[in-house]
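Heads up: the structure comes next, in structure tokens.
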There are 2 protein chains.
Amino acid sequence: MSPPGRSTAVDPERRRDAERTKAEILKIATEEFAQRGYAGARVDEIAARTQTTKRMIYYYFGGKERLYIAVLESAYAEIRVAEQSLAVEHLDPVSAIRTLAEVTFDHHESHPDFVRLVSTENIHRAEHIAKSQALTNLTNPAIDLIATVLEAGREQGVFTADIDAVDLHMLISSFCFFRVANRHTFGTLFGRDLTDPARRDHYRQMLGDIVVGHLTSPGGAGGGTSGPTTAAR
Amino acid sequence: MSPPGRSTAVDPERRRDAERTKAEILKIATEEFAQRGYAGARVDEIAARTQTTKRMIYYYFGGKERLYIAVLESAYAEIRVAEQSLAVEHLDPVSAIRTLAEVTFDHHESHPDFVRLVSTENIHRAEHIAKSQALTNLTNPAIDLIATVLEAGREQGVFTADIDAVDLHMLISSFCFFRVANRHTFGTLFGRDLTDPARRDHYRQMLGDIVVGHLTSPGGAGGGTSGPTTAAR
DNA sequence: GACGTAATGTACGAACTAGTACGTCACTTA
DNA sequence: TAAGTGACGTACTAGTTCGTACATTACGTC
């Protein structure tokens, strides 16, 4: 027991714990940076929302920018873990790709803060990510997984489109990302709440149909009717 | 002629011109807000980059937030004009939709500042757009156009998917938007520059193929192979 | 139980930032 | 050409915001 009446008013039982303090700062900072962006977030506000003080932010993270980079690193680490624990090898290629798209969809759905951080980081032209070796020096399990499934699908003759893994990942990500990142302007301007739970399954299914449909399209690479493309411009 | 030696050092020929001053402020402000986001943009910096002073920003726009809203309004007005001058009625539905997708693609390509403004506004949960009646009280020509083409395509039996205009618009926009908005993190993390001119045509074609392919898919609504969907989760 | 160090809190400062008070000038109109 | 008003510039302020100097306390170790 700590001496009664001597510790902070917040929690008489609170003990010194570096890891807990660091983790708490990181958690609150993630929320603040995600909600207000890098420039809009306030170090004082982050400190106020923790059980500790601003001093600790500088003690453990060294400054606002370094804290922000730490937030990005932990956010990306989380999705890497999720991607690595994804097992679709036992599925047939079509089911595997659909599952992969759905998992990506669900991950964006359940991690809006991550989506907002990525948006913010793109406003800053990925300059902070570029400073982090932990983020740049890393292979991407999602791409490898997609590449494996794509190859299997082609060998079995069910995938006809000649799309590569990175482009397919972009196709999937763009749909998932936009629905979460741009829901506010889209909802305001088009009167449709993209993240309405009642419509969520519809969009998940739609994504799967589009991805699978594209990969298995009868025309194969290029889609066949590319005549109008050049004619139109 | 103005009295020599009396006017500002910058431009001896510069005359008073309210419209020009307002337009210049708006142009520079658009760039600054797009580059640094709302919180990151600096009123002093905007003023410094114009031929006029900060006083004029407050004189004409009333403050940082009102200036930002004016920037959003002018940016959206520009794309509305582009959308309204889009004539695809003379094309067959498939060509019309492909053209529409390509025009959307090209617009995002050529207006990265607009894309960045939308990203920024979503970080702020579209609160500024919501304050602008000029932005909320407006029908969207793009949606109407898509709806018209969709209906024509269904009547002629070439479109089988039961997607609605808003969802189709989102599908097209998500691809175009992501490629421009997220190119920095994507490029850094996946080593692929999405906006590389050498790859631009590839992505434009890819988008058209996906959209047309989805609309004309043999399976029709739902894509047929939805069995694995439920099985996988 | 003394001691050294990691962990933590308080108070403050320098620089920045949005916004404004005040004054001047140019151009139109009668 | 005189006057009135819209357009414009300078200099300043109040509040904010990142960062830090300095002091203190808890906890492991011997």
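The chains referred to below are lettered A, B, ... by the order of the sequence lines, with proteins before strands, and numbering in each begins at 1. The analysis underlying the following values was restricted to heavy atoms, covering all of them including side chains, and did not include hydrogens, waters or symmetry mates.
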Non-neighbouring partners of A:Ser110 that pass side chain to side chain contact (heavy atoms under 4.5 Å, CB included), sequence neighbours left out: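 Listed in chain order: nothing, the list is empty.
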Pairing residues for B:Thr50 by the side chain to side chain contact (heavy atoms under 4.5 Å, CB included) criterion, not counting sequence neighbours: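 Only B:Glu24, B:Ile25, B:Ile28, B:Thr52 meet the side chain to side chain contact (heavy atoms under 4.5 Å, CB included) criterion with B:Thr50.
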What is the separation between atom [atom1] on [X] and atom [atom2] on [N], rounded to the nearest whole Å?
X: A:Phe61; N: D:dC18; atom1: CZ; atom2: P; result: 16 Å
X: B:Arg66; N: C:dA18; atom1: CZ; atom2: P; result: 16 Å
X: A:Arg36; N: D:dC18; atom1: CZ; atom2: C1'; result: 17 Å
X: A:Lys22; N: C:dA7; atom1: NZ; atom2: C1'; result: 12 Å
X: A:Arg20; N: C:dA6; atom1: CZ; atom2: C1'; result: 15 Å
X: B:Met56; N: C:dG19; atom1: CE; atom2: C1'; result: 14 Å

side-chain hydrogen bond (donor to acceptor under 3.5 Å, both in side chains) pairs, two or more places apart, involving residues 35-49 of chain B: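 Output for this query lists A:Arg125-B:Gln35, B:Glu31-B:Arg49, B:Glu32-B:Arg36, B:Glu32-B:Arg49, B:Gln35-B:Asp113, B:Asp44-B:Lys54.
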Pairs involving residues 140-149 of chain B, ordered by first then second residue, that meet side-chain hydrogen bond (donor to acceptor under 3.5 Å, both in side chains) (sequence neighbours left out):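 Listed by first then second residue: nothing to list.
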Side chain of B:Thr53 - closest among C:dG19, C:dT8, D:dT10: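 Side chain of B:Thr53 sits closest to D:dT10.
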Per A:Tyr58 side chain, nearest of listed nucleotides D:dG6, D:dC18, C:dG9: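 For the A:Tyr58 side chain, the nearest candidate turns out to be D:dC18.
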Side-chain ion pair, A:Arg192 and B:Asp164, N-O less than 4.0 Å: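 Yes.
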Mutual orientation of the aromatic rings belonging to B:His169 and A:Phe190 [parallel < 30°, tilted 30-60°, perpendicular > 60°]: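 Tilted, since the angle between the ring planes falls between 30° and 60°.
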Could you list the donor-acceptor pairs under 3.5 angstrom formed between side-chain atoms of residues 78-88 of chain B and any protein atom two or more places apart in sequence or on another chain?
unit_1  : atom_1 : unit_2   : atom_2 : d
B:Glu78 : OE2    : B:His111 : NE2    : 3.0
B:Ser85 : OG     : B:Val81  : O      : 3.3
B:Ser85 : OG     : B:Ala82  : O      : 3.1

Contact under 4.0 Å: B:Thr21 side-chain N or O vs D:dA7 OP1/OP2: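 So the side chain of B:Thr21 is outside the cut-off, no N or O lying under 4.0 Å from OP1 or OP2 of D:dA7.
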D:dG9 OP1/OP2 closer than 4.0 Å to side-chain N/O of B:Thr52: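 Result: yes.
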Sugar-phosphate only, base, or nothing, as touched by A:Tyr59 at under 4.0 Å among non-hydrogen atoms: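 Base contact.
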Table of protein N/O atoms under 3.5 Å from nucleotides 11-17 of chain C N/O atoms:
unit_1 : atom_1 : unit_2  : atom_2 : d
C:dT17 : OP1    : B:Arg42 : NE     : 2.5
C:dT17 : OP1    : B:Arg42 : NH2    : 3.3
C:dT17 : O5'    : B:Arg42 : NE     : 3.3

